[in-house]
Amino acid sequence: MQEYDIVIGLEVHAELSTKSKVFCSCKNEFGAIPNSNCCPVCIGLPGALPVLNKKAVELVIKAGLTIDSEINDLAVFERKNYFYPDLSKAYQISQLVRPICVGGELKLKNKIVRVNRIHLEEDAGKLIHSSGDAGTLIDYNRGGVPLMELVTEPDISSAEEAVEFLTKLRSLLVFAEVAECKMEQGGMRCDVNISVKPKGSNVLGNRTEMKNLNSFKSVYRAIEFESERQIELLEKGEKVVQETRKWDDDAGISYAMRKKETSQDYRYFPDPDLLAVRIKRDEVENIKRTLPLMPDELKKKYVSEFGLTDYDAEIITKEKFLINFFEETIKLHSNPKNVANWLITEILSKIKDEDQPNIKISPENLAKILNFIAEGKITRTVAKEIFAKVWEKDENIDALVKTMGGGISDDELENLILRIISSNPKAVEDFKASPTPEKQLKWFVGQVMKETRGKANAVKAEEKIKNILSK
Ligand code: ADP
Ligand code: MG
Ligand code: ZN
């Protein structure tokens with residue numbers, strides 16, 4: 001069989017983190033009572049005038065800066081005309097000829113994916129197809145929510161790469177506080193353009209487009225399915241028809257929806273209601289200064305300053321919530337490598353399959369546990385037990401450390417201590433002779449831990465030893 005290259009270009013939409021919508025002052029809020037955040041502008045009543053929300057422009061500029069886009073001096077809003085019930089004014093305000101950002105790139109493990117543009121547009125309302133008598137309902141709350149659309153060049157060559165791209169893009173956007181990208185809320189959605197061609201050929205094949213995929217898993221499966229479908233067609237000597245296809249995630253198949261529309265079909269023209277936006281260089285510089293260290297830079301810092309492995313640093317810097325947790329914890333525990341270890345082995349293993357990962361221990365509590373280990377007060381085994389308890393139910397760690405003996409009774413502990421004391425008269429003498437017998441005390445605790453193979457509670461042992469020796 002002939003071998004094939006898969007060619008993929010993505011169009012990624014993300015809802016921007018503004019307080020209000022892009023052309024009116026209605027709230028930009030997910031989950032409100034349907035049609036409660038609406039006004040004449042965002043439901044598209046004739047004659048209502050849009051007023052641009054500057055914050056939305058700023059966030060798109062920010063997004064562009066994270067991927068080294070060029071920021072246009074002048075950005076123009078255009079009307080993209082089409083009718084659909086979720087778009088009641090029959091045109092979407094978008095940008096075609098002069099988007100806010102041009103070019104840019106995102107580095108993946110094995111390649112650089114070029115970005116064509118990022119523009120600003122408005123989201124449409126949401127159709128809710130009910131199964132009962134209600135038919136189809138419309139919620140216009142989402143209408144007018146600011147959306148950025150990022151379009152890549154067709155540089156992506158596999159389902160894995162597409163997911164890697166999206167994961168990285170999401171982390172940049174979340175990190176720069178451009179968008180929250182909550183995929184389960186439709187906060188980040190992706191159109192997948194895909195074609196195949198004989199391996200090595202430099203002529204692109206006909207592409208199909210699958211719109212509005214809203215999870216990485218469906219992006220992955222849609223690409224696998226669609227590339228195979230196209231290869232099979234070519235193998236049979238048939239042609240791939242350029243069209244828009246629908247991905248049915250439940251059935252795991254895509255099917256033809258409509259002939260692919262071109263930009264001419266939309267009769268784009270500059271929106272006469274909105275002025276072109278002048279973007280000044282010093283504004284761009286100011287926005288640049290507000291950007292935090294991006295994941296790639298943080299990764300470098302974690303490796304060079306904290307001595308984390310590449311692998312650990314990579315995992316932590318993939319997600320903002322992990323970075324935040326890590327940063328908070330290392331303020332309270334001085335060994336970042338320990339924190340990284342626990343974060344990756346203990347915590348991530350518990351949450352890796354969760355859609356909305358929730359770390360059920362606070363940075364303060366993890367730092368406390370790590371500090372107790374570092375001070376030799378608890379063993380790793382006991383630490384893990386304490387960790388598990390706190391994860392189940394937020395308990396007081398200091399109290400837990402006192403009560404958790406890890407398997408030996410008070411009597412056993414007392415007997416053991418007495419035995420150690422009586423067989424080490426020299427150490428007892430040293431203890432009594434020293435004005436600050438901390439070191440000697442530690443030695444005794446060490447003996448207890450050795451004899452019990454780490455099962456004793458070191459805090460309790462220390463107290464008991466002190467009591468007995470001070471009598
Ligand atoms: P539209 O889909 O609105 O017509 P574009 O022409 O800008 O928009 O292209 C959309 C996406 O399709 C881009 O991400 C681009 O990289 C990708 N693309 C273009 N040609 C191909 C192709 N032959 N195979 C795969 N992807 C392609
Ligand atoms: Mg498209
Ligand atoms: Zn409104």
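Computed from heavy atoms alone, side chains included, the values below leave out hydrogens, waters and symmetry copies.
- Taking the ring axis of Tyr91 as reference, the NZ or CZ atom of Lys89 stays within 45° of it and closer than 6.0 Å to the ring centre.
- Summarising the geometry, atom CG belonging to Asp155 is positioned 4.0 Å from atom CZ belonging to Arg114; distances are rounded to the nearest 0.5 Å.
- Between Trp342 and Lys384, some side-chain heavy-atom pair lies under the 4.5 Å cut-off.
- Of all the heavy atoms in Gln230 and Ile194, the pair that sits closest is NE2-O, 3.2 Å.
- Ion pairing between a basic and an acidic side chain is recognised when a charged N comes within 4.0 Å of a carboxylate O; Asp139 and Lys126 show no such pairing.
- Across all their heavy atoms, His13 and Asp191 have their closest contact at CE1-OD2, 4.0 Å.
- In this structure, the side-chain contact (heavy atoms from CB on, under 4.5 Å) partners of Met257, at least two apart in sequence or on a different chain, are Thr244, Lys246.
- Between the side chains of Glu235 and Tyr4, a donor-acceptor pair is found at a separation under 3.5 Å.
- Contact annotation: the side chain of Phe306 never approaches that of Lys337 to less than 4.5 Å [non-hydrogen atoms, C-beta and beyond].
- Rounding to the nearest 0.5 Å places CD of Glu177 at 10.5 Å from CG of Leu291.
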For this session: Decide salt bridge (Lys or Arg N to Asp or Glu O under 4.0 Å) for Lys288 and Glu285; before the verdict, give the C-alpha distance in whole Å, the side-chain angles of both, and the deciding distance to 0.1 Å.
Result: CA-CA 5 Å; Lys288 210 179 240 168; Glu285 285 308 312; 3.8 Å; yes
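- At a threshold of 4.5 Å between non-hydrogen side-chain atoms, the residues Pro85 and Ile138 count as touching.
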For this session: Verify salt bridge (Lys or Arg N to Asp or Glu O under 4.0 Å) between Asp394 and Lys360, making sure each step is shown before the conclusion.
Result: CA-CA 8 Å; Asp394 193 14; Lys360 289 195 279 181; over 6 Å; no
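- Under 3.5 Å, the side chains of Asn193 and Glu11 contain a donor-acceptor pair of N or O atoms.
- Across every non-hydrogen atom of Ser349 and Thr345, the tightest pair is OG-O, 2.8 Å.
- Note on Lys300 versus Glu297: no salt bridge recorded, every NZ/NE/NH1/NH2 to OD/OE distance being 4.0 Å or above.
- A salt bridge links Glu209 with Lys211; the closest basic N to acidic carboxylate O contact falls under 4.0 Å.
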For this session: Start with the C-alpha distance between Glu226 and Arg229, add both sets of side-chain angles, then the distance that settles salt bridge (Lys or Arg N to Asp or Glu O under 4.0 Å), and finish with yes or no.
Result: CA-CA 5 Å; Glu226 181 58 15; Arg229 189 189 70 87; 2.8 Å; yes
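- Counting only heavy atoms from C-beta outward, the side chains of Ser157 and Lys111 approach each other to under 4.5 Å.
- Between Ile71 and Glu283 the shortest side-chain heavy-atom distance does not fall below 4.5 Å.
- Using a 4.5 Å heavy-atom threshold, the side chains of Ile361 and Ile369 count as touching.
- For Lys62 (side chain) and Ala176 (main-chain N/O), a donor-acceptor pair under 3.5 Å exists by modelled atom type.
- Summarising the geometry of Cys42 relative to Lys21, their closest heavy-atom pair is SG-NZ, 3.3 Å, with the distance given to 0.1 Å.
- Without hydrogens or angle criteria, Arg117 side chain to Leu96 main chain gives a donor-acceptor distance under 3.5 Å.
- Shown are Thr317, Leu322, Asn324; of these, the side-chain contact (heavy atoms from CB on, under 4.5 Å) with Lys320 is made only by Asn324.
- Ion pairing between Glu243 and Arg245 holds under the 4.0 Å rule for side-chain N and carboxylate O.
- The pair Asp265-Lys259 does not meet the salt-bridge criterion, since no charged nitrogen lies less than 4.0 angstrom from a carboxylate oxygen.
- The distance from the CG atom of Leu150 to the SG atom of Cys190 is 10.0 Å, given to the nearest 0.5 Å.
- Of all heavy-atom pairs between Val303 and Ala313, the closest is CG2-CB, 3.7 Å.
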Exercise. For Asn141 and Cys38, what are the C-alpha separation, side-chain angles and deciding distance, and is it a side-chain contact (heavy atoms from CB on, under 4.5 Å)?
Worked result: CA-CA 6 Å; Asn141 280 350; Cys38 299; 3.7 Å; yes
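- Rounded to the nearest 0.5 angstrom, Leu173 CG and Glu15 CD are separated by 12.5 Å.
- In this pair, Phe326 and Tyr302 present their aromatic rings tilted. The plane angle is within the 30 to 60° band.
- Contact annotation: the side chain of Glu319 approaches that of Arg170 to within less than 4.5 Å [non-hydrogen atoms, C-beta and beyond].
- Counting only heavy atoms from C-beta outward, the side chains of Phe175 and Ile323 approach each other to under 4.5 Å.
- Residues Leu10 and Val192 approach most closely at CD2-CG2, 3.9 Å, considering heavy atoms.
- Salt-bridge annotation for Asp249 and Lys217: absent, with no side-chain N of the basic residue lying under 4.0 Å from a carboxylate O of the acidic one.
- Looking only at distances, no side-chain donor or acceptor of Asn116 sits under 3.5 Å from a matching main-chain atom of Val151.
- Here Ile223 contributes atom CD1 and Leu213 contributes atom CG; the two are 8.5 Å apart, rounded to the nearest 0.5 Å.
- For the side-chain contact (heavy atoms from CB on, under 4.5 Å) criterion with Leu120, the lone passing option out of Ile61, Val277, Val60 is Val60.
- Using the six-membered ring where Trp is involved, Phe387 and Trp391 have ring planes that are tilted, between 30° and 60° apart.
- By the 4.0 Å N-to-carboxylate-O rule, Lys168 lies close enough to Asp296 to be salt-bridged with it.
- Considering CD1 of Ile231 and CD of Gln2, their distance stands at 9.5 Å, rounded to 0.5 Å.
- The residue from Asp271, Leu49, Val41 that alone fulfils the side-chain contact (heavy atoms from CB on, under 4.5 Å) condition with Phe23 is Val41.
- Judged by distance alone, the side chain of Glu122 and the main-chain N or O of Ile93 form a donor-acceptor pair under 3.5 Å.
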